[in-house]
Amino acid sequence: MADELPSEIDYPRLAAAGRTLRGTLAASRFTRVDGVVQVCGPTRVGLTLTAAAGGTVAAAGHFSTPVRAQCQRCLEWMERIIEGTFAVELHDAALNGRLAGGEDDDDHDFVEVSDGRLNVLELIEDELLLACPMIPAHATPTCAGEALGEAANGERHKPFAALGEMLAAQPRDKD
C-alpha cells in the first residue's frame, strides 16, 4: 500500500533535492468533487518538483483515481478510472514578485503558492476537476439511456423530421 501524502509540502526543499513524491490521497479528503462525479477510492499520485529558471519551481506529475459517475443518459451510476497528467509552474508572490508575463500568460500554467508551501491536495483536486467528463455517459451502446432515442428497429428517432416535411409542403406567401 502506498503512503498517504500530506496536504501541504515544503516545495522549495523538495525541489532542491529533486525529489519525486509517490503516494495516495484518500477519497474522503476531496471536498469539491461531488455530485454527478464522486471519488470512490484512493487517488494514486506521482509528483516531481524541479528548480526552474528565475528561482521558480516546476511541478509535473500524474494521478489516477477511481470515481463513480452518474450517466447522463440513463442516470445509472457507473465506475471509471480518471487519469491525468499535469505540468505547472509554482509562483510565490512573496518570493518571485509579480508574474513576468502578466496574469494572462498563455505559455505556462501557474499555481499560486505562499510561504514556500504547496497544497498538494488542492493541486490534485483542481486537476481532477479538469479531467472529469463534462457529461458522463456509458461508453457502450448497452446503456439503457441509449435506447431512449432509438426505435425498436435500431433507427434513430428524429422528432422534428415531420415538422420539416410540413413546412416544406406548406405554400409560401408572396409579397
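- Separating the OH atom in Y11 from the CG atom in L49 is a distance of 10.0 Å, to the nearest 0.5 Å.
- Clustering ILVMFWY residues whenever any of their side-chain heavy atoms sit less than 4.5 angstrom apart, transitively, puts V67 in a cluster other than the one holding M78.
- Under the 4.0 Å criterion applied to side-chain N and carboxylate O atoms, E125 and R32 are assigned as salt-bridge partners.
- For the pair E4 (side chain) and A26 (backbone), a donor-acceptor distance under 3.5 Å is present.
- By the criterion of side-chain heavy atoms lying less than 4.5 angstrom apart, applied directly or through intervening Ile, Leu, Val, Met, Phe, Trp or Tyr residues, W77 is not grouped with V33; the two fall into different hydrophobic clusters.
- Here the closest non-hydrogen pair linking P42 and P66 is O-CD, 3.4 Å.
- Scanning both residues, T65 and G41, for their nearest heavy atoms gives OG1-O, 4.1 Å.
- Around CD1 of I135, the count of heavy atoms belonging to other residues, nucleotides or ligands within 6.0 Å does not exceed 12.
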* Can C74 and E76 be said to form a side-chain contact (heavy atoms from CB on, under 4.5 Å), step by step? -> CA-CA 5 Å; C74 67; E76 293 295 323; 3.5 Å; yes
* Check step by step if side-chain contact (heavy atoms from CB on, under 4.5 Å) holds for T24 and L5. => CA-CA 6 Å; T24 61; L5 292 174; over 6 Å; no
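- Within the 4.5 Å cutoff, the side chain of P6 has no heavy atoms near those of the V120 side chain.
- Scored by the side-chain contact (heavy atoms from CB on, under 4.5 Å) test, E8 finds R117, N119 as partners (sequence neighbours excluded).
- I124 contributes atom CD1, which lies 9.5 Å from atom NE2 of H62 (distance to the nearest 0.5 angstrom).
- A donor-acceptor pair under 3.5 Å links the side-chain atoms of Q72 to the main chain of Q70, judged by distance alone.
- Between C40 and A27, the shortest heavy-atom contact is C-CB, 4.3 Å.
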* **Residues R19, L21; criterion side-chain contact (heavy atoms from CB on, under 4.5 Å); working and verdict** => CA-CA 6 Å; R19 291 238 0 237; L21 298 176; 3.7 Å; yes
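- A distance of 6.5 Å separates CG of D92 from OG of S114, quoted to the nearest 0.5 Å.
- Atom CG of L47 and atom CD1 of I9 lie 5.5 Å apart (nearest 0.5 Å).
- Shown here are the side-chain contact (heavy atoms from CB on, under 4.5 Å) partners of S7, two or more places apart in sequence or in another chain: R29, L121.
- In this structure, the separation between OG1 on T50 and CG on L90 is 9.0 Å, given to the nearest 0.5 Å.
- Closest of all the heavy-atom pairs between R80 and A137 is NH2-O, 2.9 Å.
- Proximity of P12 to L14: side-chain heavy atoms (C-beta onward) are nowhere separated by under 4.5 Å.
- With D109 contributing its side chain and V88 its backbone, the two residues share no donor-acceptor pair below 3.5 Å.
- Listed here is the closest heavy atom pair of P133 and P136: O-CD, 3.9 Å.
- To the nearest 0.5 angstrom, R44 atom CZ is 7.0 Å from E83 atom CD.
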* Asked: V111 and L123: side-chain contact (heavy atoms from CB on, under 4.5 Å), yes or no, with the steps?
  -> CA-CA 8 Å; V111 172; L123 172 65; 3.9 Å; yes
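- Annotation for A131 and F63: closest pair CB-CZ, 3.9 Å, computed over non-hydrogen atoms.
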